[in-house]
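Shown next, in structure tokens, is the structure this report addresses.
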Amino acid sequence: MTREIRAPQFREVLHALRVWDSPLPGFDTGDAPGEPLALFREWFVHAAAAGQPEPHAMSLATVDGEGRPDVRVLLLHDADERGWHFASHATSAKGAQLAGRPQAALGFYWPSVGRQVRVRGSVTACGAEESRADLAVRSRGALAAALTGRQSEVLGSVEELARASAAAWERAGAEPQAPAPTWTRYVLDPVEVEFFQGDAARRHVRLRYRRRANGSWVRELLWP
Ligand SMILES: Cc1cc2nc3c(=O)[nH]c(=O)nc-3n(C[C@H](O)[C@H](O)[C@H](O)COP(=O)(O)O)c2cc1C
């Protein structure tokens with residue numbers, strides 16, 4: 001049974017928490033590259049090397065048909081000249097939101113190094129071949145999850161999921177090329193990327209890249 005935590009105990013725990021109170025790296029914006037992908041890759045590898053757990057877990061924000069924002073965590077599948085790649089079911093809530101309004105934002109937070117990266121842009125769904133290839137390089141569990149499908153639908157019972165998932169794991173083992181038609185790779189083409197370095201004295205360093213119409217990038221510092 002869930003143990004009830006009353007408001008005073010909750011607040012005591014909440015207010016005892018600290019942020020940016022361990023030694024953090026610096027961020028010399030004068031040294032920053034002319035475009036954001038190179039800096040993202042550098043910061044990502046640095047965060048992983050610093051022991052940041054799951055630095056590839058990112059928030060994906062989308063907007064529904066009524067303009068209401070939504071957000072959830074996804075895994076980053078790549079970052080290259082086309083943009084930031086991720087994958088999900090086209091039939092999920094986020095898939096429907098992206099089909100209706102193909103704009104999104106990504107958020108990474110790497111507390112081990114006090115860094116945050118935000119990315120905004122338009123999202124394109126890749127074709128069937130690329131979406132299939134996305135699964136081909138991943139684990140049996142990833143294929144099983146994709147085969148289970150029905151993501152974001154209301155689930156009748158945990159037993160129903162257990163049966164569908166067991167069947168999907170079996171099929172993923174027996175048929176590694178099994179088609180998962182709703183599984184879709186997406187690419188977010190960035191127009192804005194912000195790098196934030198936290199600082200104990202709250203003199204956080206924020207560097208935003210904004211893409212001009214000609215494809216070149218403007219770099220600007222932001223007040224923290
Ligand atoms: C660490 C982590 C990684 C996840 N990775 C993915 C992913 O790559 N793709 C995906 O569809 N869901 C992933 N999920 C589940 C999503 O957060 C979410 O529950 C699911 O996609 C349904 O979202 P929706 O109802 O907004 O469409 C992940 C969850 C966590 C906590």
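The model shown is predicted, which means the values in this text are computed figures rather than measured ones. Both ligands and their constituent atoms are indexed starting at 1 by order of listing.
Here the heavy atom of the protein found nearest to atom 21 (O) of ligand 1 is Lys94 NZ, 2.6 Å. Nearest non-hydrogen protein atom to atom 18 (C) of ligand 1 is Arg72 CG, 3.9 Å. At the shortest separation from atom 20 (C) of ligand 1 among protein heavy atoms lies Gln151 NE2, 3.4 Å. Looking from atom 8 (O) of ligand 1 to the surrounding protein, the closest heavy atom is Leu75 N, 3.3 Å. What sits closest to atom 6 (C) of ligand 1 on the protein, heavy atoms only, is Leu74 CA, 3.7 Å.
Taking every heavy atom of Ser88 and a limit of under 4.0 angstrom, the matching atoms of ligand 1 come to 10 (C), 11 (O). When each atom of ligand 1 is checked for a heavy atom of Ala87 under 4.0 Å away, the hits are 7 (C), 8 (O), 9 (N), 10 (C), 11 (O). The atoms of ligand 1 that sit less than 4.0 Å from any heavy atom of Ser152 are 22 (C), 24 (P), 25 (O), 27 (O).
Ring planes of Trp110 and Phe40: tilted class, angle from 30 to 60°.
Here OH of Tyr186 is found 7.5 Å from CZ of Phe86. Values are rounded to the nearest 0.5 Å.
Under the 6.0 Å distance and 45° angle rule, Arg132 does not count as a cation-pi partner of Trp183.
A salt bridge (charged side-chain N to carboxylate O under 4.0 Å, His left out) with Glu194 is found for one member of Arg208, Arg219, Arg118 and no other, namely Arg118.
Taking any N or O of Glu54, backbone or side chain, none lies under 3.5 Å from an N or O belonging to ligand 1.
Nearest to atom 1 (C) of ligand 1 by heavy-atom distance, out of Val73, Asp64, Asp70, is Val73.
Using a 4.0 Å threshold on non-hydrogen atoms, atom 12 (N) of ligand 1 counts as touching the protein.
For the residue pair Gln151/Ser88, the side-chain donor-acceptor check at 3.5 Å is satisfied. For Thr29 and Arg206, the side-chain atoms include no donor-acceptor pair closer than 3.5 Å.
Note: Phe196 and His204 meet the aromatic proximity criterion, with ring centroids under 6.0 Å apart.
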Glu220 and Arg210: CA distance, side-chain angles, deciding distance, salt bridge (Lys or Arg N to Asp or Glu O under 4.0 Å) verdict: CA-CA 8 Å; Glu220 44 210 359; Arg210 260 189 313 113; 2.4 Å; yes

